[in-house]
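What follows is one structure encoded as structure tokens, with my remarks underneath.
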Amino acid sequence: MNIFNTLSNSKKRLDVPRVRIYLCGVTVYDDSHIGHARTIIVFDVLKRYLESAGTSVELVQNFTDVDDKIIKRARAESSSAGVISERYITSYFRDFDELHVIRADSYPKATEHIDDIVEFIKILEQKGAAYSTQNGVYFAVSSFSKYGALSKKKTDELQSGARVEVDDSKRDPLDFALWKFSGDDPSWESPWGRGRPGWHIECSAMSTKYLGENFEIHGGGRDLIFPHHENELAQTESCTGAPFAKIWMHVGMVTIDGEKMAKSTGNVRSVRHVLDMWGPNIIRLFCISGHYSKPIDYTEDLLCADLARWRQAETCYFELLHARGQKDGAPDALGEMVISFDNAMQDDLNTHLALSAFFSIIKMTNQMAADGTLGRNNADAIKTELDRMMKILGLVIPEMEKEEMQKIDELIIQREEMRKERKFNDADRIRDVINGMGVELLDHDGRTVWVKREEIRAEN
RNA sequence: GGUACGGUGGCAGAACGGUCAUGCGUGGGCCUGCAAAGCCUAUACAAGGGGGUUCGACUCCCUCUCGUACCUCCA
């Protein structure tokens, strides 16, 4: 498949049997929000798609568990950094398991790789790319000629635009910390003095440790391009002397009602909140409804549109389960739609177009169900394809208990008898009971199909 | 100020040098005992402004303009 590479500013072909991906995960100092969810869901879909196409994928996603914000929070709560990060790692997994995100192959933490980080800095020092001051150890940006290639920035412009107070002890304002001296919790001994790692170094040390020097995809949110990924790229290539990731893949930002998510203004939607409101399927649909590289706006209207589409998918799924039509033979159009789904995914993970194909299959199916041409063979052929797509997209129709399904079938038979006897009040009462179970009845010509509706709180 | 990305119908959002997807919404209809769901059908002056290239541009080029993001907190 092709994936857009931020570094080369062009799509790059990715045709290898094994794809190694390093995804910059979250800093665990607070609950995850919808922006994190989008990035992680996009990579989850990428992984699922590659694997469905027979590619083996190794996904490594870090937790940043040493950071000023964690320390600040720990102080505010008279707690420790370890307690804070453990708490939010736990809530991360709770949130993202519920979002149907398949677990990565490993989730390395900065605090568990201090030795690797120290080794990494040692090499940089030996190569003359790092130096110490009274505050810490710094990477010398001037030692890396390609600095700025990823973010398309020129070093002289960066300096003039710097908006942070300059640390005079650094040789160059652009230089960034590899190791910060500090005796506070958390801190570790190092050849240069007690302290903790800088932000970028953990990803360099851990990605190369787990995936090698030159792995296929390095990803994260667009906001990480500068400085995080630029700095990672500089220090890693300086250390290894080899090219770093082959493709840099960046996911666009999520805005809320047209504005940047900012904790300071309370303009944030946590994963917990959106899951409670909309459930996993609609959130996933929302996250992949536009192209991953572009920004997407979280608004109630858009989520409602995704809800409407999800309802159609549910209807289709149960129509397929109950298919009894007379005519049969797999519809020709199905093959074309499957091809356009795969073509869309192949072309830079164009989930928007892939969803178009997915929903055109659903529309076609509901059409056949409506005019009675959805036979068993048709249904099976369609269901096979739809199941495959849903698996790739991570959409899941909730499972039902056998007893519940039997109960529904019994009630429908009872209702049918009442209807035949034209006892509509009784029939409607049974329908109310069924509705109360979260099940909707679709009365077709002479037969009734039922649909289990996922309960969506936002709908009420 | 610099850099990047973008401005397509009421909203969202693709592709493409010539026929302007698709979804949501809205109007009408079908089905139904009623409803729901679903289907059918209609709807939309659609391309920020101005130049240019071309037989022909939403699609390529230039320019202006507006928006968003980033410029060491950030997914």
Side-chain angles (χ1 to χ4, degrees), chain A residues 6 9 23-27 29 32-43 64 67-69 72 141 148 151-154 156-164 166-167 173-177 198-200 219-228 230-231 250-255 258-264 285 289-291 293-297 299 301-302 304-309 311-312 314-316 318-319 340 344 347 350 352-353 355-357 359-360 362-363 365-371 418-419 422-425 427-428 431 435 440-445 449-451 453:
Chain A
T6 307
N9 222 19
L23 175 60
C24 283
V26 298
T27 300
Y29 74 104
S32 301
H33 55 62
I34 181 70
H36 300 123
R38 158 126 109 145
T39 299
I40 285 156
I41 285 169
V42 164
F43 277 86
T64 297
D67 167 270
D68 291 349
K69 287 195 289 286
K72 199 177 153 195
V141 165
S151 55
K152 318 284 180 255
K153 290 180 188 303
K154 297 189 177 102
D156 50 338
E157 283 165 0
L158 277 170
Q159 293 184 21
S160 59
R163 63 179 178 183
V164 165
V166 177
D167 175 355
L174 290 182
D175 293 348
F176 53 89
W199 175 31
H200 320 293
R222 285 206 90 81
D223 54 344
L224 295 183
I225 294 174
F226 190 89
H228 185 55
E230 191 72 61
N231 290 354
H250 291 103
V251 179
M253 298 292 98
V254 178
T255 53
E259 284 179 31
K260 180 186 162 143
M261 263 201 279
K263 293 215 162 126
S264 53
L285 275 178
S289 60
H291 191 260
S293 65
K294 291 190 179 167
I296 193 168
D297 194 28
T299 66
D301 283 355
L302 277 184
C304 282
D306 291 319
L307 169 62
R309 296 208 292 176
R311 291 306 189 206
Q312 290 173 8
E314 279 179 337
T315 301
C316 174
F318 285 94
E319 290 282 12
S340 59
D347 185 14
N350 194 333
H352 177 85
L353 274 186
L355 281 175
S356 284
F359 281 102
S360 63
I362 284 169
K363 182 148 194 145
T365 306
N366 289 340
Q367 226 167 66
M368 294 195 295
D371 60 26
M418 296 297 121
R419 289 176 78 199
R422 303 194 67 80
K423 292 180 182 166
F424 294 123
N425 283 344
D428 287 351
R431 181 165 65 192
N435 289 161
E440 201 169 290
L441 297 184
L442 319 181
D443 288 330
H444 286 309
D445 222 1
V449 169
W450 57 264
V451 179
R453 294 293 179 196

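From a predicted model like this one, the values you see are computed outputs, not experimental measurements. Chain letters run A, B, ... following the sequence lines, proteins first and then strands; every chain starts at 1.
If you check the side chains of A:R222 and A:T39, you find no donor sitting under 3.5 Å from an acceptor.
In this structure, the CG atom of A:D67 is 7 Å from the P atom of B:rC74, given to the nearest Å. For A:R222 and B:rG6, the CZ to C1' distance is 11 Å, given to the nearest whole Å. B:rC34 atom C1' lies 10 Å from atom CG of A:N425, rounded to whole Å. The distance from atom CH2 of A:W450 to atom P of B:rA35 is 25 Å, rounded to the nearest whole Å. Taking atom CG of A:L224 as the reference point, atom C1' of B:rA4 lies 15 Å away to the nearest angstrom. If you take CD1 of A:I34 and C1' of B:rC74, they are 16 Å apart, rounded to a whole angstrom. The CZ-P distance, from A:F226 to B:rG2, rounds to 17 Å in whole Å. In this structure, the CG atom of A:D306 is 14 Å from the P atom of B:rG23, given to the nearest Å.
Contacts of A:G35 with the nucleic acid, taken as non-hydrogen atoms under 4.0 Å apart, include base atoms. Residue-level contact check: A:I225 touches neither bases nor backbone, having no heavy atom under 4.0 Å from any strand. Nucleic acid contact class of A:G25 (heavy atoms, under 4.0 Å, all strands): sugar-phosphate only. Within 4.0 Å (heavy atoms only), A:V451 reaches no atom of the nucleic acid at all. If you check every strand for non-hydrogen atoms under 4.0 Å, A:N231 touches nothing. Contact annotation for A:R38: no contact, since no heavy-atom pair falls under 4.0 Å across all strands.
B:rG27 and B:rU19 have their P atoms separated by 32 Å, with the value rounded to a whole Å. One P atom belongs to B:rC40, the other to B:rG48, and the distance between them is 32 Å to the nearest Å. When the P atom is compared between B:rC20 and B:rA44, the two are found 13 Å apart, to the nearest whole Å. Nucleotides B:rA42 and B:rG50 place their P atoms 33 Å apart, quoted to the nearest Å. For the P atoms, the distance from B:rA21 to B:rC45 is 14 Å, rounded to whole Å. Distance noted for atom P between B:rA46 and B:rC11: 14 Å (whole Å). B:rG49 sits 24 Å from B:rA14 when the C1' atoms are compared, rounded to a whole Å. Comparing B:rG7 with B:rU59, their P atoms are spaced 11 Å from each other, to the whole Å.
Across every strand in view, B:rU32 sits unpaired, with no contact that passes the Watson-Crick or G-U test at under 3.5 angstrom. Pairing partner, B:rG27: B:rU41, with both Watson-Crick or wobble hydrogen-bond distances short of 3.5 Å. The partner of B:rA12 is B:rU22, judged by Watson-Crick or G-U wobble contacts that both fall below 3.5 Å. Across all strands shown, B:rA4 is found opposite B:rU68 as a Watson-Crick or G-U wobble partner, with both distances under 3.5 Å.
Toward the 5′ end of RNA chain B lies the nearest nucleotide of A:D175, the other residue of the pair A:D175 and A:V254 mapping further downstream. If A:S356 and A:L441 are placed on RNA chain B by their nearest nucleotide, the residue sitting closer to the 5' end is A:S356.
Taking side-chain N and O atoms only, A:K260 has a distance below 4.0 Å to OP1 or OP2 of B:rC70. For A:W199 and B:rC74, the shortest distance from a side-chain N or O to OP1 or OP2 is below 4.0 Å.
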* To do: List the steps and the verdict of salt bridge (Lys or Arg N to Asp or Glu O under 4.0 Å) for A:K72 and A:D67.
  => CA-CA 9 Å; A:K72 199 177 153 195; A:D67 167 270; over 6 Å; no
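In terms of modelled atom types and a separation under 3.5 Å, the side chain of A:E230 and the main chain of A:G148 share a donor-acceptor contact. Put simply, the side chain of A:K152 never gets that close to the backbone of A:N9: no donor and acceptor are under 3.5 Å apart.
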Hey, what are the protein-to-nucleotides 38-42 of chain B N/O distances that come in under 3.5 Å?
from: B:rG38; atom 1: O2'; to: A:N366; atom 2: O; distance (Å): 3.4
from: B:rC40; atom 1: OP1; to: A:Q367; atom 2: NE2; distance (Å): 2.3

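The side chain of A:K152 lies closest to B:rU3, out of B:rU3, B:rA75, B:rC71. Here the nucleotide nearest the side chain of A:N9, chosen from B:rC5, B:rC71, B:rU32, is B:rC5. Minimum atom distance to the side chain of A:F424 is reached by B:rG33, of the listed B:rC24, B:rA69, B:rG33. Considering only the side chain of A:D428, B:rC34 comes nearest among B:rU3, B:rC70, B:rC34. Among the nucleotides B:rU22, B:rC74, B:rG33, the one closest to the side chain of A:R431 is B:rG33.
Contact of the A:E314 side chain with the A:E319 side chain is not registered, since no non-hydrogen atoms from C-beta on lie closer than 4.5 Å. The closest side-chain heavy-atom distance from A:L442 to A:W450 is not below 4.5 Å. Looking at heavy atoms from C-beta onward, A:M261 lies out of side-chain contact with A:T255 at the 4.5 angstrom threshold. Here the side chains of A:F424 and A:M418 are not in contact, with every heavy-atom distance at 4.5 Å or above.
Side chain A:D443 to base B:rC34: a donor-acceptor pair is found below 3.5 Å.
Within the 6.0 Å centre-distance limit, the rings of A:H200 and A:H228 are counted as a close aromatic pair.
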* Between protein and nucleotides 7-15 of chain B, map the contacts as a letter string: B base, S sugar-phosphate only, - none, heavy atoms under 4.0 Å, written 5' to 3'. => -----SSS-
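A distance of 5.5 Å separates CZ in A:R311 from CZ in A:R453, rounded to the nearest 0.5 Å. Note: A:R38 CZ to A:S289 OG = 8.0 Å, rounded to the nearest 0.5 Å. Distance check: A:I362 CD1 to A:Q367 CD gives 13.0 Å after rounding to the nearest 0.5 Å.
Listed by chain and residue number, nothing satisfies the side chain to side chain donor-acceptor pair (under 3.5 Å) test with A:W199 (two or more places apart in sequence, or in another chain).
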